[in-house]
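Inspection log for the structure reproduced underneath, given as structure tokens.
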Amino acid sequence: MALSFTSIHSLIVAKMNSMSGFKESRYPVEYFTRTTNPLTHLGYSVSVSSSGNGGRQRYNSGAGVAILSTVVVLFAFRLRPTDAYPTDYKLSLDKEEQVILKLLSAYTGNSMEIQFVGSERTIPDSMEYSIHNLTFNVIHYIKE
């Protein structure tokens with residue numbers, strides 16, 4: 001079954017929205033950490049940031065062209081003032097694990113393989129948020 005880039009984005013957003021408290025940001029991933037304006041507690045942004053050869057070129061077989069797309073999910077976790085820092089930071093790590101597990105769970109009726117690649121965590125100078133940058137690889141097919 002073919003799966004467009006837009007469909008992948010929509011499936012990831014649906015999984016994120018199914019988690020308590022998460023709300024999609026109106027800002028794209030590329031703008032998410034430039035200023036504090038787009039940041040809200042558990043606000044997130046999703047990007048299908050790049051795509052390439054999926055190593056399974058079977059267009060003539062009817063399956064379509066295999067594509068390996070990189071999906072980036074950024075989310076912010078509010079850190080209370082520094083006296084609560086260790087507690088909130090640990091809570092943000094727990095939340096990151098929940099997101100990873102949720103996004104790796106089954107996508108019923110869709111033929112895509114999703115793999116966790118890695119994550120990075122940063123804290124802006126304001127120390128108000130922990131920003132979690134999660135990267136996934138998705139193998140899917142596209143066709144006319």
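Numbering of residues begins at 1 and proceeds along the displayed sequence. Here the structure is a predicted model, which means the values were calculated and not measured. Excluded from the calculations below are hydrogen atoms, water molecules and symmetry mates; all remaining heavy atoms, backbone and side chain alike, are included.
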Side chains of [X] and [Y], donor plus acceptor under 3.5 Å:
{"X": "S10", "Y": "S7", "result": "no"}
{"X": "D88", "Y": "Y129", "result": "no"}
{"X": "S119", "Y": "H132", "result": "no"}

Check your understanding: Do the side chain of S45 and the main chain of Y27 share a donor and acceptor less than 3.5 angstrom apart?
Key -> yes
[X] and [Y]: which non-hydrogen atoms are nearest, and at how many Å?
{"X": "L79", "Y": "M127", "answer": "CB-O, 3.8 Å"}
{"X": "L42", "Y": "S20", "answer": "CD1-O, 4.0 Å"}
{"X": "F136", "Y": "I100", "answer": "CZ-CA, 4.3 Å"}
{"X": "I131", "Y": "L74", "answer": "CG2-CD2, 4.3 Å"}
{"X": "S47", "Y": "V29", "answer": "CB-CG2, 3.5 Å"}
{"X": "T40", "Y": "A76", "answer": "O-CB, 3.6 Å"}

**Study point:** Distance, nearest 0.5 Å, that separates CG of N137 from CZ of F116
**Key:** 11.0 Å
Check your understanding: Does H41 have any ring-ring contact (aromatic ring centres under 6.0 Å, His included) partners at least two apart in sequence or in another chain, and if so, which?
Key -> F77
Review point. Does anything in residues 114-124 pair up under salt bridge (Lys or Arg N to Asp or Glu O under 4.0 Å), and if so which pairs, sequence neighbours excluded?
Key: E96-R121
Check your understanding: Can you pull the salt bridge (Lys or Arg N to Asp or Glu O under 4.0 Å) pairs that have at least one residue in residues 8-33, sequence neighbours excluded?
Key -> none
